[in-house]
Amino acid sequence: MPTPELISPRSPRVAAARRLARRNFRGKERRFIAEGPQAVREAVEHRVGGEATLVELFTTVEAAERYADIVAAARDAGARVHYANDEVLAEVSQTVTPQGLVGVCRFLDSPFEEILKARPKLVAVLAHVRDPGNAGTVLRCADAAGADAVVLTDASVDLYNPKSVRASVGSLFHLPVAVGVPVEQAVQGLRDAGVRILAADGAGEDDLDDELDAGTMGGPTAWIFGNEAWGLPEETRALADAVVRVPIHGKAESLNLATAAAVCLYASARAQRTRTPR
């Protein structure tokens with residue numbers, strides 16, 4: 001096993017990776033950081049237009065021994081592998097306790113038009129979601145529920161914020177994600193594609209249980225999720241075919257955004273899977 005190659009935090013490669021913590025540099029370079037074995041493994045296996053998503057990998061010698069399969073796969077995929085000491089990893093990492101693997105990846109978002117062409121049946125639309133942890137967690141929920149795509153509107157957080165990437169726990173690499181789409185365009189495009197638009201809001205006029213009982217949720221559906229603190233603006237609610245609340249049967253005041261999104265997405269997934277009798 002080779003000794004560390006990047007021994008100075010002032011190395012140009014280290015400086016370039018460190019700059020990706022800032023959104024303007026991410027946008028300029030169209031690169032982002034993925035940390036930890038799970039995210040790096042997913043990045044190694046992912047492709048964008050036939051090219052490997054992972055461009056560079058920074059690893060300590062210890063991590064390279066522990067995750068030898070990931071490092072070998074990264075090298076086979078054409079990524080530049082840099083062996084570094086702990087000080088260097090701390091410079092390029094966005095976490096307090098780096099796990100020894102930090103990848104530099106190409107942007108991987110999909111054009112909204114391509115998502116529409118695929119005739120999606122279940123979509124999560126993040127409108128006005130400003131917290132990166134919430135955005136990444138909703139993306140993870142959408143992936144787990146079997147959604148076909150996620151759309152982040154132009155009023156939502158940056159998909160490639162390090163906190164969003166970490167919160168997605170690899171799901172960022174699993175399903176198409178469109179970014180920067182105006183909410184009106186997202187709604188109109190999905191509606192034209194035959195998708196019913198539901199806005200999730202704690203003050204919604206319609207109850208999720210009633211929707212399920214009425215059998216109205218078996219068709220293609222897009223859920224709009226808003227800001228956790230102040231919900232969806234009235235003008236966004238007005239775009240939806242229905243504004244739906246998750247019923248609170250106990251004494252909790254409300255659900256956080258990610259929990260509510262998981263409930264809604266799984267309700268739709270269940271309804272779609274049982275629509276056709278076995």
Side-chain angles (χ1 to χ4, degrees), residues 17-43 46 48 53-54 89-99 101-110 112 115 123-145 147 149-183 186 200-201 223-233 236 254-265:
R18 187 171 58 240
R19 285 196 296 268
L20 296 177
R22 299 168 60 180
R23 182 172 186 170
N24 60 329
F25 280 102
R26 291 195 296 270
K28 180 181 178 180
E29 300 295 330
R30 291 193 60 80
R31 300 285 190 270
F32 70 99
I33 292 293
E35 295 189 48
Q38 175 66 21
V40 172
R41 190 188 302 275
E42 300 288 353
H46 192 269
V48 178
T53 298
L54 185 69
L89 259 292
E91 286 291 323
V92 298
S93 174
Q94 301 300 311
T95 60
V96 177
T97 55
Q99 295 178 275
L101 294 177
V102 178
V104 176
C105 304
R106 292 184 174 90
F107 276 15
L108 45 71
D109 47 279
S110 300
F112 182 53
I115 289 175
V123 179
V125 179
L126 279 63
H128 313 283
V129 175
R130 304 292 175 82
D131 181 86
N134 278 337
T137 304
V138 173
L139 199 158
R140 183 183 183 187
C141 291
D143 180 22
V150 173
V151 177
L152 276 75
T153 71
D154 55 358
S156 286
V157 70
D158 178 21
L159 170 67
Y160 302 109
N161 182 294
K163 291 183 179 179
S164 296
V165 176
R166 288 198 300 274
S168 79
V169 196
S171 288
L172 173 65
F173 302 97
H174 293 168
L175 73 172
V177 183
V179 301
V181 184
V183 65
D201 194 291
W223 283 96
I224 306 177
F225 303 107
N227 185 278
E228 181 163 333
W230 39 267
L232 288 168
T236 301
S254 62
L255 296 174
N256 65 29
L257 173 62
T259 303
V263 171
C264 294
L265 291 166

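Predicted, not measured: the structure shown is a model, and the values here were computed from it.
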Please find the pair of heavy atoms, one from [X] and one from [Y], that lie closest to each other, and give the distance.
X	Y	answer
P176	I115	CB-CG1, 4.0 Å
L126	S156	O-OG, 2.7 Å
L232	G226	CD2-CA, 3.4 Å
W223	C264	NE1-O, 3.4 Å
A43	T53	O-CB, 3.8 Å
A186	V151	CB-CG1, 4.3 Å

Residues two or more places apart in sequence or in another chain: which of them pass side chain to side chain donor-acceptor pair (under 3.5 Å) with [X]?
X	value
D109	Y160
T259	N256
S110	none

State the OG-CG distance between S164 and L152, to the nearest 0.5 angstrom. 7.5 Å

What distance do E35 atom CD and R166 atom CZ have between them, rounded to the nearest 0.5 Å? 6.0 Å

Checking side chain to side chain contact (heavy atoms under 4.5 Å, CB included) between V125 and each of V181, T153, T236, which is the one that passes? T153

For a side-chain contact (heavy atoms from CB on, under 4.5 Å) check, start with the C-alpha distance between V92 and I33, then their side-chain angles and the critical distance, and finish with the verdict. CA-CA 9 Å; V92 298; I33 292 293; 5.6 Å; no

Quick one: side chains of residues 133-141, donor-acceptor pairs under 3.5 Å with protein atoms, not counting sequence neighbours, listed by atom name and distance.
| unit_1 | atom_1 | unit_2 | atom_2 | d |
| --- | --- | --- | --- | --- |
| N134 | ND2 | E228 | OE1 | 3.0 |
| T137 | OG1 | G133 | O | 2.8 |

Which side-chain hydrogen bond (donor to acceptor under 3.5 Å, both in side chains) pairs, counting each pair once, include a residue from residues 21-31, with sequence neighbours left out?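 Qualifying pairs: R26-D158.
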
Show your reasoning for whether side-chain contact (heavy atoms from CB on, under 4.5 Å) applies to F32 and L159. CA-CA 10 Å; F32 70 99; L159 170 67; over 6 Å; no

Run the ring pair (Phe, Tyr, Trp, His ring centres under 6.0 Å) test against F173 and tell me which residues pass, sequence neighbours left out.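 Result, ring pair (Phe, Tyr, Trp, His ring centres under 6.0 Å) vs F173: H46.
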
Can you check whether [Y]'s main-chain N or O pairs, donor with acceptor, with [X]'s side chain at less than 3.5 Å?
X	Y	answer
R130	A155	yes
S168	V165	yes
S171	D143	no

